[in-house]
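Chain identifiers are assigned alphabetically (A, B, ...) following the order of the sequence lines, protein sequences preceding nucleic acid strands; residue numbering begins at 1 within each chain.
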Amino acid sequence: MAELKSNSAPPAERKLYWADEAEEEATSKSAPPKLSWGEVAASSVDALSIRETEFNGFLDEPEALNIEAANISFIILARIKILEKCSCYTGDTPYTSASTFEDLKLTPALLKGLYTDLKFQHPSKIQAISLPMILTPPYKNLVAQAHNGSGKTTCFVLGMLSRVDPNLKAPQAICICPTRELAIQNLEVLRKMGKHTGITSECAVPMDSTNYMSFAKRPPVTAQIVVGTPGTIKKGISAKKLSVGSVKILVFDEADHMLAEDGFKDDSLRIMKDIQRISAHCQVLLFSATFNQIVKNFVSRVINDHNQLFVKKEELSLESVKQYKVDCPDELSKVMVIKDRILELGENLGQTIIFVRTRHSASTLHKSLVELGYEVTTIQGALKQEDRDKIVKEFKDGLTQVLISTDLLARGFDQQQVNLVINYELPVKHENHSEPDYEVYLHRIGRAGRFGRKGAVFNLLMGGRDEMLMEKIERHFNSQIAQVAAWNNAEDFRGALKAAGLL
DNA sequence: AAAAAAC
């Protein structure tokens with residue numbers, strides 16, 4: 001490993017904030033952190049001469065970083081704003097962000113999948129920055145946050161496909177997801193991307209009742225990449241049907257939820273420890289659009305020596321998705337707003353997901369809309385596996401227009417035709433219903449506006465508690481949520497959809 | 001009555 005010869009003090013802070021520095025809550029009222037940066041005068045990392053400068057503020061001057069032309073690479077030692085086409089240096093490893101997929105030295109088989117099958121052109125921002133960190137030895141652990149719909153899945157899917165040895169027929173990469181639906185979706189992406197690589201993959205999710213077979217009776221897993229949900233993965237490992245001795249990359253999708261106290265923390269830690277006990281230098285990747293401070297603190301305790309990419313929470317709301325709030329006098333008017341206003345106008349605007357808080361409201365709302373003659377389908381965790389699969393498939397195939405869902409689909413669900421999201425009920429914290437669940441809110445609205453597409457979100461509010469929740473959400477993300485003036489005025493909704501760019 | 005996974 002190259003040694004950095006520097007007369008500067010080692011960096012105290014290794015976090016790379018690629019949107020901005022994440023200032024957390026109101027706790028830190030201290031002065032802005034001093035930033036330091038160094039220039040590398042030679043391309044060889046062994047022969048570095050560093051000029052160090054200190055200043056306050058952020059490195060967002062393109063000139064300051066546009067040194068590629070002078071054949072000088074750049075080292076970043078502090079909190080920065082990373083621009084494309086710059087090299088950065090975290091701790092002891094230099095990385096250069098990728099402006100093309102070729103820069104990443106992907107195999108021809110992978111490039112073919114990306115360009116011809118998936119029609120990808122260039123890496124997205126998070127891909128350009130995170131992939132070099134994933135693919136460059138010594139394969140450091142990575143905690144990465146990026147906006148909804150910005151292409152996180154591609155980051156870890158390419159990471160897994162690139163690091164697997166095609167000649168070794170044993171599980172080498174494991175990806176853990178919070179829901180069965182997300183595991184299936186991620187596996188589909190992986191199979192498309194890796195179509196020409198010959199790498200084998202398998203889904204480890206609970207089986208539907210008709211095909212159920214206990215792990216004891218199953219043959220051992222031979223697939224090179226396993227994507228699944230925590231319970232099934234854990235069982236596979238403990239039943240010794242999923243051997244983890246060759247696993248060199250472990251991915252947690254929606255990682256903040258996978259490691260949250262009220263999420264899948266215990267299962268996730270158990271799996272991580274099981275793997276690390278046998279396979280000591282397994283690279284761990286954590287990806288999510290949200291990491292609240294509690295999870296962040298926990299992550300830095302359980303993931304050692306890792307690179308980090310974070311986004312300031314005020315910059316997480318998608319600009320392409322316009323958010324609205326609608327005051328509704330009662331339950332019935334909420335149903336009428338959906339039926340007579342939003343769905344009426346939104347019929348030809350793509351697909352719609354309506355989020356509810358409980359399974360019970362899901363079925364109540366489903367009944368109301370069906371009685372009024374609206375074709376809707378509903379998904380929630382109490383349905384049979386095969387029914388869930390069918391409903392998701394119909395929606396993904398565009399056979400259904402409107403889908404009611406619990407927070408089952410709040411995270412990760414990727415359907416580009418979804419332009420409208422309706423919060424029939426706002427997400428609240430389990431322990432305290434007067435506190436909004438900011439992370440879930442952000443994930444829900446991120447179901448619209450995939451990859452920069454236009455979208456609109458309608459929050460249906462009923463009463464003072466909802467208004468207070470909404471206000472807290474606005475303050476938290478520092479985002480303006482426009483009011484639709486009258487719940488029963490068609491023109492107001494038409495104007496809202498126009499302003500969102502959908503009409 | 002929170003939802004998710006899985007027994």
Please list every donor-acceptor pair under 3.5 Å in which a side-chain atom of residues 342-355 of chain A meets a protein atom from a residue at least two apart or in another chain.
residue, atom, partner, partner atom, Å
A:Q351, OE1, A:Q415, NE2, 2.7
A:Q351, NE2, A:F395, O, 2.8
A:Q351, NE2, A:T400, O, 2.8

Can you give each donor-acceptor pair under 3.5 Å made by side-chain atoms of residues 451-472 of chain A, sequence neighbours left out, with the distance rounded to 0.1 Å?
residue, atom, partner, partner atom, Å
A:R453, NH1, A:Q416, OE1, 3.4
A:R453, NH1, A:R450, O, 3.3
A:R453, NH2, A:Q416, OE1, 3.0
A:N459, OD1, A:N423, ND2, 2.7
A:N459, ND2, A:Y324, O, 3.2
A:N459, ND2, A:Y441, OH, 3.1
A:R465, NH1, A:H433, O, 3.0
A:D466, OD2, A:M462, N, 2.7
A:K472, NZ, A:S434, O, 3.4
A:K472, NZ, A:E435, OE1, 2.8

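Comparing atom distances between the A:R388 side chain and each of B:dC7, B:dA2, B:dA4 picks out B:dA4 as nearest.
Among the heavy atoms of the strands lying under 4.0 Å from A:K235 are primed sugar atoms or P, OP1, OP2 only; no base atom is included. The residue A:P230 sits apart from the nucleic acid: no heavy atom pair falls under 4.0 Å.
A straight line from NE2 of A:H433 to C1' of B:dA3 spans 11 Å, rounded to a whole angstrom. Put simply, CZ on A:F264 is 13 Å from C1' on B:dA2, counting in whole angstrom units. Summarising the geometry, the separation between CG on A:L182 and P on B:dA3 is reported as 19 Å, rounded to the nearest angstrom. Atom CD1 of A:I271 and atom P of B:dA5 are 14 Å apart (whole Å). Atoms CD (A:E254) and P (B:dA4) sit 15 Å apart, rounded to a whole Å. If you take CG of A:L383 and C1' of B:dA3, they are 13 Å apart, rounded to a whole angstrom. One can place NE2 of A:H443 at 18 Å from P of B:dA3, the figure rounded to the nearest angstrom. Counting to the nearest Å, the P atom of B:dA5 and the NZ atom of A:K234 are 14 Å from each other.
Residue pairs meeting the salt bridge (charged side-chain N to carboxylate O under 4.0 Å, His left out) criterion with at least one partner in residues 158-176 of chain A, sequence neighbours excluded, are absent.
In this structure, A:F310 has its ring center closer than 6.0 angstrom to the ring center of A:F291.
Residues A:F413 and A:L182 have side chains not in contact (no heavy-atom distance under 4.5 Å, counting atoms from C-beta outward).
Less than 4.0 Å separates DNA chain B from at least one heavy atom of each of the following residues of residues 353-369 of chain A: A:R357, A:T358, A:R359. Within residues 405-418 of chain A, the residues that have a heavy atom under 4.0 Å from DNA chain B are, in order of number, A:T406, A:L408.
Taking the ring pair (Phe, Tyr, Trp, His ring centres under 6.0 Å) definition, one finds that A:H257 meets it with A:F264, sequence neighbours left out. Contacts of A:D397 classified as salt bridge (charged side-chain N to carboxylate O under 4.0 Å, His left out), with partners at least two apart in sequence or in another chain: A:K393. Evaluation of the ring pair (Phe, Tyr, Trp, His ring centres under 6.0 Å) rule for A:Y139 yields no partner, not counting sequence neighbours. Scored by the side chain to side chain donor-acceptor pair (under 3.5 Å) test, A:R191 finds A:S201 as partners (sequence neighbours excluded).
Judged by atom type and distance alone, A:D267 does not reach the base of B:dA5 through any side-chain donor-acceptor pair under 3.5 Å.
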